[in-house]
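Let me begin by presenting the structure, written as structure tokens, before commenting on it.
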Amino acid sequence: MNDFKQYLKRILVIAFVIYICFLLQTSVFSRYPLAGVTPNILICVVSTYGFMKGRTQGIIIGFFTGLLIDVFSGSLFGVYALIYMYIGMLNGFFKKQFFGDDLRLPMILIGTSDLLYGISSYLCFFAIRKQYDFLFYVFNIILPEVVYTLLVSIFIYYLLLRLNNWMEKLEKKGSDRIGNY
């Protein structure tokens with residue numbers, strides 16, 4: 001029963017993180033665009049949880065994050081869920097190379113994830129409508145968004161890392177207490 005409570009706590013914390021980051025992305029950062037783009041904080045969340053927790057959690061967190069965006073975007077339903085799900089899965093492959101305080105791998109993965117997100121969005125939403133100016137889209141939207149996302153993700157990553165370490169410490173303390181009785 002106690003394992004279920006810990007699992008439920010973790011789900012609620014992750015859901016709360018996704019919700020707060022969604023609010024930040026759609027309200028606060030949308031008011032302060034840099035070079036005409038806003039950072040994709042939800043990519044930071046999906047990527048970070050993907051390589052911290054593995055493919056399965058990356059897929060689940062990516063799917064529900066994308067589903068949240070799908071619900072509020074009003075475009076093709078399910079596209080963002082698939083994109084974020086695959087990004088979470090791809091980041092999950094790097095779980096064994098993950099070392100908490102080393103910033104290089106997370107920044108490379110978050111930048112690559114945002115780049116893949118931008119290319120996927122272009123293919124799903126612009127190329128279908130025969131808007132083929134890919135280089136314009138890359139240099140004016142994708143790359144500035146990647147840079148802005150990387151700048152913001154330094155802070156988001158450390159917050160998520162500290163939150164994850166705190167949750168694991170609580171889970172370990174709870175399992176140690178159970179084992180002592």
Path from Met52 to Leu105 over hydrophobic side-chain contacts below 4.5 Å: yes

For the student: nearest non-hydrogen atoms of Val13 and Met167, plus distance: CG2-SD, 3.8 Å

Contact check, side chains of Ile141 and Tyr122, non-hydrogen atoms, under 4.5 Å: no

Residue pair Leu161 / Thr48, side-chain heavy-atom distance below 4.5 Å: no

Heavy atoms from other residues, nucleotides or ligands near OH of Tyr157 exceed 12 (cutoff 6.0 Å): yes

Point-to-point distance, once rounded to the nearest 0.5 Å, from CD1 of Ile60 to CD1 of Ile11: 8.0 Å

For the student: nearest non-hydrogen atoms of Ile41 and Gln25, plus distance: N-OE1, 3.0 Å

Between CG on residue Asp133 and CZ on residue Phe139, distance to nearest 0.5 Å: 11.0 Å

Validation row, ring centre Phe63 to ring centre Tyr80 under 6.0 Å: no

Shared hydrophobic cluster, Val146 / Leu151 (ILVMFWY, side-chain heavy atoms < 4.5 Å): no

Sidechain-backbone polar pair: Asn140 side chain, Phe136 backbone, donor-acceptor under 3.5 Å: yes

Spacing of OG1 belonging to Thr56 relative to CE belonging to Met89, to within rounding of 0.5 Å: 11.0 Å

Salt bridge (Lys or Arg N to Asp or Glu O under 4.0 Å) contacts in which one or both residues fall within residues 42-69, not counting sequence neighbours: Lys53-Glu168

Exercise: identify the closest heavy-atom pair between Cys44 and Leu160: O-CD1, 4.2 Å

Donor-acceptor under 3.5 Å (Asp70 side chain, Gly78 main chain): yes

Ser121 and Tyr137: CA distance, side-chain angles, deciding distance, side chain to side chain contact (heavy atoms under 4.5 Å, CB included) verdict: CA-CA 10 Å; Ser121 296; Tyr137 191 76; 4.2 Å; yes

Heavy-atom check, side chain of Ser113 versus side chain of Tyr84, under 4.5 Å: no

Stepwise side chain to side chain contact (heavy atoms under 4.5 Å, CB included) check, Arg162 with Asn165: CA-CA 5 Å; Arg162 299 294 176 244; Asn165 290 342; 4.1 Å; yes

Derivation of the side chain to side chain contact (heavy atoms under 4.5 Å, CB included) call for Met85 and Ile61: CA-CA 7 Å; Met85 182 180 73; Ile61 291 170; over 6 Å; no

Parallel, tilted or perpendicular: ring planes of Phe29 versus Tyr148, cut at 30 and 60 degrees: perpendicular

pair Phe64-Leu68: side-chain heavy atoms closer than 4.5 Å: no

Nearest heavy-atom neighbours spanning Leu116 and Leu90: CD1-CD1, 4.1 Å

hydrophobic_cluster_shared for Phe155 and Leu24, side chain cutoff 4.5 Å: no

Whether over 12 other heavy atoms sit under 6.0 Å from Phe16 CZ: no

Exercise: identify the closest heavy-atom pair between Thr149 and Asn40: OG1-N, 3.0 Å

Within-4.5 Å side-chain heavy-atom neighbours: Leu12 and Lys9: no

Within the 6.0 Å centroid threshold, strictly below: Phe51 and Phe93: no

In one Ile/Leu/Val/Met/Phe/Trp/Tyr side-chain cluster, 4.5 Å: Ile154, Val147: no

Atom pair CD1/CG of Ile87 and Leu82 - distance to nearest 0.5 Å: 11.0 Å

Test of ring centre spacing under 6.0 Å for Phe72 and Phe22: yes

Nearest heavy-atom neighbours spanning Val46 and Gly58: CG1-O, 4.3 Å

Step-by-step side-chain hydrogen bond (donor to acceptor under 3.5 Å, both in side chains) determination, Ser30 to Thr38: CA-CA 6 Å; Ser30 65; Thr38 58; over 6 Å; no

Validation row: Leu123, Ile119 side chains within 4.5 angstrom (heavy atoms): yes

Cluster link Tyr7 to Leu163, ILVMFWY, side chain under 4.5 Å: no

Interatomic distance, Ile59 atom CD1 to Tyr86 atom OH [nearest 0.5 angstrom]: 9.0 Å

Euclidean distance, Leu150 CG relative to Ile108 CD1, rounded to 0.5 Å: 10.0 Å

Contact check, side chains of Val17 and Leu159, non-hydrogen atoms, under 4.5 Å: no

Donor-acceptor under 3.5 Å (Thr112 side chain, Leu109 main chain): no

